[in-house]
Student: 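The structure that follows is given in the form of structure tokens.
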Number of protein chains: 2
Amino acid sequence: MLERKPRPTIREENEKALLEAAERVFAKHGFAGATTAAIARNAGMPKANLHYYFATKEGLYRAVIERVLNAWLNAASSFDASEDACEALSAYICAKMDLARAMPLASRIWSAEIMRGAPIIQDFLDTTLSQWVAKREAAVRRWIAAGKLKPIEPKVLFYMIWATTQQYANAAHEIATLNGGEPLDDAAFERAKRQVVATILGGVAA
Amino acid sequence: MLERKPRPTIREENEKALLEAAERVFAKHGFAGATTAAIARNAGMPKANLHYYFATKEGLYRAVIERVLNAWLNAASSFDASEDACEALSAYICAKMDLARAMPLASRIWSAEIMRGAPIIQDFLDTTLSQWVAKREAAVRRWIAAGKLKPIEPKVLFYMIWATTQQYANAAHEIATLNGGEPLDDAAFERAKRQVVATILGGVAA
DNA sequence: ACGTCATTTGACCATCTGGTCAAACCTATA
DNA sequence: TATAGGTTTGACCAGATGGTCAAATGACGT
């Protein structure tokens with residue numbers, strides 16, 4: 001009867017540990033620089049065990065990317081939180097800032113993948129992301145037509161939002177260095193978030 | 001008499017070819033993913049020849065980074081082009097946009113190095129960059145005090161400028177995908193540049 | 001207790017990589 | 001043309017890496 005057994009707690013736990021370890025190692029060393037031995041050690045198991053759960057390094061990488069993708073889509077949905085231009089943009093920028101802070105490793109892996117030319121996630125760019133952009137582009141154009149926003153190429157706005165928010169994950173080390181060697185604390189980060197929102201909205205609100 | 005011979009054209013030519021090839025390969029595959037064999041092939045010479053000019057892969061990488069650093073410093077100097085806040089910021093943003101377009105490989109290598117935690121250029125962050133930021137931070141605060149700019153943490157502004165401009169190099173592939181598969185042509189890029197300048201200035205000008 | 005299936009692991013392998021080396025090959029100057 | 005110093009290159013090496021395998025161990029329903 002091929003019942004879906006609610007069984008596999010061991011498998012679930014090990015796969016989760018491996019995915020988390022992989023996220024750490026891929027984020028720090030990149031795809032090529034990460035070794036399966038390092039990932040396995042980081043997850044507290046011998047290398048052969050890693051290959052029992054994930055046949056190939058690329059397969060593991062794909063699995064990590066999928067988690068990242070879901071986080072991205074989740075944050076992206078906050079764009080639709082409101083019909084009001086400023087509210088929608090604020091919510092979206094805040095969501096992306098929070099994502100960068102909560103999941104810096106995922107953000108870095110994502111950026112590295114994009115920088116490599118998206119060899120793994122090209123189809124996501126071609127399908128889901130293209131559709132997401134097309135739909136929100138239309139919303140932005142409507143807001144412009146309604147006089148809510150200054151006339152701007154919507155994509156330019158998206159790229160600015162993506163880049164600026166991800167900067168707080170990608171360049172966390174540089175930012176820490178310029179912050180006296182310490183990462184931004186919560187207060188400083190919240191201040192930065194407010195100022196990013198204010199600056200971008202100030203730049204595009206009509 | 002130890003005269004400086006105007007001789008070494010062979011050495012100069014080969015080192016240049018290697019540095020350019022290394023820039024391409026490092027930009028595409030990252031430090032770990034780049035192989036000295038691939039770089040040498042890309043420069044049109046056998047691997048042993050590469051190691052004759054650059055003893056180690058890391059030494060070659062350092063040399064590439066140094067070129068990138070000079071480009072960065074060169075663009076950074078345009079911040080001081082004017083005493084006027086808007087003029088200075090415009091000039092700086094334009095210079096960084098042009099840099100991203102003219103040297104996308106260098107930009108990507110730079111970002112990758114920052115994302116890795118700047119293992120090679122940490123001392124640059126600690127010294128030159130810190131000083132650069134401190135000085136321009138003071139300029140921004142003066143402009144704010146003079147009522148030229150809205151009150152903003154200067155670093156937040158710098159991070160936004162750095163991230164947004166570099167986006168056009170780092171995410172060139174993603175941008176091309178969302179542009180129908182074609183990279184931005186000169187006209188589209190100039191339009192984007194103007195809108196980036198206008199949006200950031202609109203966001204911070206008082 | 002038994003049998004079956006999932007899990008664990010050390011040993012192993014082919015391949016790749018950064019780097020070495022010595023011999024061969026210029027090129028120019030005395 | 002002899003000689004010296006820069007340059008080129010194929011062959012080579014030690015170590016690392018992704019991945020395999022078979023044997024051992026554990027979990028669990030019957």
Side-chain angles (χ1 to χ4, degrees), chain A residues 1-65 109 112 116 119-120, chain B residues 1-65 109 112 116 119-120:
Chain A
M1 280 301 162
L2 287 183
E3 281 299 321
R4 263 279 156 270
K5 301 172 190 171
R7 176 91 342 222
T9 59
I10 291 184
R11 188 170 202 99
E12 276 175 357
E13 268 177 32
N14 282 337
E15 286 182 349
K16 188 178 163 218
L18 283 168
L19 285 169
E20 287 171 358
E23 201 170 291
R24 270 171 264 146
V25 178
F26 280 134
K28 186 174 244 161
H29 301 284
F31 177 76
T35 70
T36 54
I39 295 172
R41 198 183 330 123
N42 208 290
M45 61 185 79
K47 189 181 61 162
N49 211 352
L50 178 153
H51 281 97
Y52 172 69
Y53 288 106
F54 294 93
T56 69
K57 180 177 159 181
E58 193 185 303
L60 176 54
Y61 180 73
R62 290 188 118 93
V64 170
I65 286 279
I109 292 172
R116 288 206 305 160
I120 305 290
Chain B
M1 282 303 160
L2 288 181
E3 280 300 318
R4 262 279 157 269
K5 300 172 191 171
R7 179 83 347 214
T9 59
I10 291 184
R11 187 169 202 98
E12 275 175 357
E13 269 177 31
N14 281 337
E15 286 183 349
K16 189 179 162 216
L18 282 168
L19 285 170
E20 287 170 359
E23 198 170 292
R24 269 171 264 147
V25 178
F26 280 134
K28 186 173 243 159
H29 301 284
F31 178 75
T35 70
T36 54
I39 295 171
R41 197 183 331 123
N42 208 288
M45 61 184 78
K47 188 181 62 161
N49 211 354
L50 178 153
H51 280 98
Y52 172 69
Y53 288 107
F54 295 92
T56 69
K57 180 178 161 183
E58 193 186 302
L60 176 53
Y61 179 73
R62 291 189 117 94
V64 171
I65 285 278
I109 291 172
R116 287 206 305 159
I120 305 289

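Throughout, a chain's letter reflects where its sequence line sits, starting with A, and its residues are numbered from 1.
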Student: Using a heavy-atom cut-off of 4.0 Å across all strands, would you classify B:A32 as base, sugar-phosphate, or nothing?
Tutor: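 Contact class for B:A32: none.
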
Student: For D:dT8 and B:N14 - does any side-chain N or O of the residue sit under 4.0 Å from the phosphate oxygens OP1/OP2?
Tutor: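 So the side chain of B:N14 is within the cut-off, an N or O lying under 4.0 Å from OP1 or OP2 of D:dT8.
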
Student: Hey, which of these two, A:A55 or A:G33, hits DNA chain D nearer its 5' end, going by closest nucleotide?
Tutor: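 Taking each residue's closest nucleotide, the earlier one in sequence belongs to A:G33.
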
Student: In whole Å, what is the span from the CD atom of A:E12 to the P atom of D:dA27?
Tutor: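 Whole-Å distance recorded here is 17 Å.
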
Student: Between C1' on C:dA22 and NE2 on B:H51, what's the gap in Å once rounded to a whole number?
Tutor: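 Those two atoms, NE2 and C1', are 17 Å apart.
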
Student: Starting at atom CD1 of A:I39, determine the distance to atom P of D:dT17, rounded to an integer number of angstrom.
Tutor: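 That distance rounds to 12 Å.
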
Student: Have a look at B:A38 and say if it touches a base, only the backbone sugar-phosphate, or nothing, with a 4.0 Å heavy-atom cut-off.
Tutor: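 No contact.
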
Student: Out of curiosity, B:L50 CG to B:N14 CG, how far, rounded to the nearest 0.5 Å?
Tutor: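 Answer for the CG-CG pair, B:L50 versus B:N14, is 10.0 Å.
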
Student: Distance check needed: D:dT9 P versus B:N49 CG, whole Å only.
Tutor: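 Computing the B:N49:CG to D:dT9:P distance gives 6 Å.
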
Student: I want to confirm an ordering. Mapping A:Y52 and B:A37 to their closest nucleotides on DNA chain C, which one lands closer to the 5' end?
Tutor: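 Its nearest nucleotide lies further toward 5', so the answer is A:Y52.
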
Student: Picking from D:dG19, C:dT17, C:dG10, which would you name as closest to the side chain of B:T35?
Tutor: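 Of D:dG19, C:dT17, C:dG10, C:dT17 is nearest to the side chain of B:T35.
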
Student: Given 3.5 Å as the limit, does a donor-acceptor pair link the side chain of B:K57 with the main chain of B:F31, or not?
Tutor: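 Here the side-chain-to-backbone pair exists.
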
Student: Does this structure show an ion pair linking A:E12 with A:K16, if we count only N-O contacts that are shorter than 4.0 Å?
Tutor: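 No salt bridge links A:E12 with A:K16.
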
Student: Tell me whether the OP1 or OP2 atom of C:dA6 has a side-chain N or O from A:Y53 closer than 4.0 Å.
Tutor: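 Answer no for this pair, as no side-chain N or O of A:Y53 is under 4.0 Å from OP1 or OP2.
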
Student: Can you tell me the distance, in whole Å, between the NZ atom of B:K47 and the C1' atom of D:dT9?
Tutor: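 So the NZ-C1' distance, B:K47 to D:dT9, works out to 12 Å.
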
Student: Where the side chain of A:K28 meets the backbone of A:A34, is there a donor-acceptor pair that is under 3.5 Å apart?
Tutor: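 Side chain of A:K28 to backbone of A:A34: no pair is present.
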
Student: Remember a base hit wins even if backbone is also touched, and classify B:F54 as base, sugar-phosphate or nothing at under 4.0 Å, heavy atoms.
Tutor: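 If one applies the 4.0 Å heavy-atom cut-off, B:F54 turns out to touch nothing in the nucleic acid.
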
Student: In whole angstrom, what separates A:L50's CG from C:dG10's P?
Tutor: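 After rounding, the reported distance stands at 15 Å.
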
Student: Could you tell me whether A:R11 sits above the aromatic face of A:Y52, with NZ or CZ closer than 6.0 angstrom to the six-membered ring centre and within 45 degrees of the axis?
Tutor: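 Checked: cation-pi criterion met.
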
Student: In whole angstroms, how far is the P atom of C:dT7 from the CE atom of A:M45?
Tutor: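 To the nearest whole Å, that distance equals 11 Å.
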
Student: Consider the side chain of B:K57, meaning its heavy atoms from C-beta on, and name the nucleotide among D:dG18, C:dG18, C:dT8 that approaches it most closely.
Tutor: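 When the side chain of B:K57 is considered, C:dG18 is the closest of D:dG18, C:dG18, C:dT8.
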
Student: If I take atom CD in residue A:E58 and atom C1' in nucleotide D:dG18, what distance separates them, rounded to the nearest angstrom?
Tutor: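 Rounding to the nearest Å, CD of A:E58 and C1' of D:dG18 are 12 Å apart.
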
Student: Respond yes when some side-chain nitrogen or oxygen of B:R11 is under 4.0 Å from OP1 or OP2 of D:dG6, and no when none is.
Tutor: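 Checking D:dG6 against B:R11, no side-chain N or O comes under 4.0 Å of OP1 or OP2.
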
